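Each remark here refers to the structure printed beneath this line.
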Protein chains: 2
Amino acid sequence: MTQTTPEELHFQPDDRAMAIRDQLRDAIVEHRLVPGTKLSEAEVGKLFDVSRTVVRAALQSLSFEGLVRAERNRGAFVASPSPEEASQLFEARRQIEAGIARIAAERARHADFIRFDACLEAETRLLQERGPASRRAAIRASGEFHILLAEVAGNAIMQRFMEELIARSSLVIALYGRTGASSCGHNEHGEIVAALRDRDPDRASRLVLVHIDHIEADLDLRGTNGLPLADALNLRAST
Amino acid sequence: MTQTTPEELHFQPDDRAMAIRDQLRDAIVEHRLVPGTKLSEAEVGKLFDVSRTVVRAALQSLSFEGLVRAERNRGAFVASPSPEEASQLFEARRQIEAGIARIAAERARHADFIRFDACLEAETRLLQERGPASRRAAIRASGEFHILLAEVAGNAIMQRFMEELIARSSLVIALYGRTGASSCGHNEHGEIVAALRDRDPDRASRLVLVHIDHIEADLDLRGTNGLPLADALNLRAST
DNA sequence: TTCGATCAGATTGTATGCAATCAAATGGTC
DNA sequence: GACCATTTGATTGCATACAATCTGATCGAA
């Protein structure tokens, strides 16, 4: 009997490649692989004990998601978004996530709020802990709140867009983040959930916009404004 | 001298695969490849005179865009979105395209309006012509208006999202479209451009929403509502 | 006749080998 | 000593061969 994998429903083919893609993406999102890192096909293949063919498929996936930049005859590198890209990323997030919040406020059910509460709880717990491992987990948990929001909205297409935007945001934070784990000072996620509980789409979307503004405000995007050379000195990655 | 291809700036690697991807996408968007059509690696490879390796990369790209559905050990097929997917697609378009219209209204410059006028002119001209070739070109031109809107908004990320949504919309229209070339009765594109000229973001986004509603209203999504069996009888494609 | 298991054909999944290409190192010349 | 052409090493681009898997057909038994 063909029993579909219960983990993800939308990609049966290339199971192996997708597993590697997920592992690489996790490493990128958790800032273990820093922007500019070279992802050699042979090296990745040796690490996962697969041939370059499989690795290529995984890297191509990540390239489509914008997490990896592939250069012809040069190889694949963890993407290092420019400040301009970062701005566009947050502009896109404002547009899309505000709509998601509105829809989620209308559609959220009891089971969803249980998941929200678990997510918030995990966040606060991880923030109280110290150490690099907890920091990474906190970064991931913070992003998962936004993904959960998209999931509750119930639109698979927008959910996929959000997943991509969240992952790329993690890259931007790794590059330009000031405090490390951004946007964690105030309990803004909790306030958003409260707005959802009140079935208040306008307030939910407004709070989301404010929240994204706070995340963006915590970045230092001036670094390479007019000084591309300085960036090249820090990291020799492509602009 | 390494002269980068002037056509598209964001994918140097796998030039050949990307060329094939573009040709296949064009054929899908123009309804020359109907949903459910099998895209055998060997067959496509023979047609383009390349090996399966290149074809696989192209098909994987299209799979990520949602234009092709890949089933493990079975092959790739032109996607046939379910009514549910179609609804989500237009919901996503409403959210994203409304924001794009707002931004475009603020940022559109003189050169952009020249392009808009050319686009509108091409549309009306193709609509007046008869014949299948003109129909296909009209479908394409109608979509290109929306892509141009995203381009003018100046956000590369949202532009890519829009390109995917437009392409998938073409699939939905191919499956569920009633009049064939939908949404072409009234000059709604022209009205949107007029709102942009007036620098009226609210009106522009409102007109875009109405326009998308009209496109969706021209579809017949009842077919498989509660009757997945009927769908299987019409097309044996996967749900 | 109908149902089931086995087998054959075809298609995809994966590994590997060779060719093309690029970046850096080397050597020569001004 | 600086600059430029050449070479070398490594890496990717692509094609092909083999293995795994699925679909449909054939054969046999109830």
Side-chain angles (χ1 to χ4, degrees), chain A residues 1-5 8 10-24 33 36-64 67-79 232-233 235-239, chain B residues 1-5 8 10-24 33 36-64 68-79 232 235-239:
Chain A
M1 295 301 172
T2 60
Q3 187 174 2
T4 55
T5 56
E8 294 208 0
H10 50 294
F11 270 127
Q12 304 124 322
D14 291 296
D15 270 343
R16 211 108 68 89
M18 293 310 154
I20 293 174
R21 174 202 63 175
D22 290 342
Q23 293 212 42
L24 286 175
L33 281 173
T37 305
K38 167 140 199 194
L39 301 172
S40 163
E41 294 179 358
E43 191 177 346
V44 176
K46 210 187 300 178
L47 286 174
F48 288 97
D49 197 48
V50 294
S51 92
R52 284 175 44 214
T53 308
V54 179
V55 176
R56 275 182 82 81
L59 291 177
Q60 197 185 354
S61 294
L62 294 169
S63 171
F64 288 131
L67 293 181
V68 156
R69 173 170 295 264
E71 300 181 18
R72 180 172 182 90
N73 286 321
R74 291 251 319 142
F77 306 84
V78 178
L233 292 175
L235 290 171
R236 61 185 172 191
S238 62
T239 57
Chain B
M1 291 302 175
T2 61
Q3 187 174 0
T4 55
T5 55
E8 294 206 3
H10 50 294
F11 270 126
Q12 306 126 320
D14 292 293
D15 269 344
R16 211 110 68 91
M18 294 309 156
I20 293 174
R21 174 201 63 177
D22 291 343
Q23 292 213 42
L24 286 175
L33 282 172
T37 305
K38 168 143 198 190
L39 301 173
S40 164
E41 294 178 359
E43 191 178 347
V44 176
K46 211 187 299 178
L47 286 174
F48 288 97
D49 197 49
V50 294
S51 96
R52 283 176 46 216
T53 308
V54 179
V55 177
R56 274 181 83 79
L59 291 177
Q60 197 186 355
S61 294
L62 294 170
S63 172
F64 288 131
V68 156
R69 172 169 296 265
E71 301 181 18
R72 179 169 184 94
N73 286 322
R74 292 249 319 142
F77 305 83
V78 178
L235 291 172
R236 63 186 172 190
S238 63
T239 57

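Throughout, a chain's letter reflects where its sequence line sits, starting with A, and its residues are numbered from 1. Every heavy atom of this structure was used, including side-chain atoms; hydrogens, water molecules and symmetry mates were not. Being a predicted model, the structure only gives us computed values, none of them experimental.
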Practice prompt. Give the rounded distance in Å between these two atoms: NZ of B:Lys38 and P of D:dC22.
Written response: 14 Å

Discussion item. How many whole angstroms separate atom CG of B:Asn73 from atom C1' of D:dA20?
Written reply: 7 Å

Discussion item. In whole Å, I'd like the distance from the CD1 atom of B:Ile20 to the P atom of D:dG13.
Written reply: 15 Å

Fill in: pair A:Val50-A:Val44: side-chain heavy atoms closer than 4.5 Å
no

Item to complete: Could you tell me the separation between the NZ atom of A:Lys38 and the CZ atom of A:Phe77, rounded to the nearest 0.5 Å?
Response: 5.0 Å

Fill in: salt bridge (Lys or Arg N to Asp or Glu O under 4.0 Å) pairs, two or more places apart, involving residues 42-55 of chain B
B:Glu41-B:Arg52

Worksheet item: Between atom CG in A:Leu59 and atom C1' in D:dT11, what is the gap in whole Å?
Response: 13 Å

Fill in: Euclidean distance, atom CD of residue B:Gln60 to atom P of C:dG13 [Å, nearest integer]
10 Å

Item to complete: Please tell me if the side chains of B:Met18 and B:Ser61 come closer than 4.5 Å, counting only heavy atoms from C-beta onward.
Response: yes

Practice prompt. Indicate yes or no: at least one non-hydrogen side-chain atom of A:Leu24 is less than 4.5 angstrom from one of A:Leu59.
Written response: yes

Worksheet item: Separation of A:Phe77 atom CZ from D:dT12 atom P, in whole Å?
Response: 8 Å

Contact list (N/O, under 3.5 angstrom) for nucleotides 14-18 of chain C vs protein:
{"unit_1": "C:dT14", "atom_1": "OP2", "unit_2": "A:Asp14", "atom_2": "OD1", "d": "3.4"}
{"unit_1": "C:dA15", "atom_1": "OP2", "unit_2": "A:Ser51", "atom_2": "N", "d": "2.8"}
{"unit_1": "C:dA15", "atom_1": "OP2", "unit_2": "A:Ser51", "atom_2": "OG", "d": "2.9"}
{"unit_1": "C:dA15", "atom_1": "N7", "unit_2": "A:Thr53", "atom_2": "OG1", "d": "2.8"}
{"unit_1": "C:dT16", "atom_1": "O4", "unit_2": "A:Thr53", "atom_2": "OG1", "d": "3.4"}

Item to complete: Please state how far atom NZ in B:Lys46 lies from atom P in D:dA15, giving the value in whole angstrom units.
Response: 15 Å

Item to complete: List in chain and number order the residues that pass side-chain contact (heavy atoms from CB on, under 4.5 Å) with B:Ala58, two or more places apart in sequence or in another chain; answer none if no residue qualifies.
Response: B:Ile20, B:Arg21

Discussion item. Rounded to whole Å, please give me the gap between CZ in B:Arg74 and C1' in D:dA20.
Written reply: 16 Å

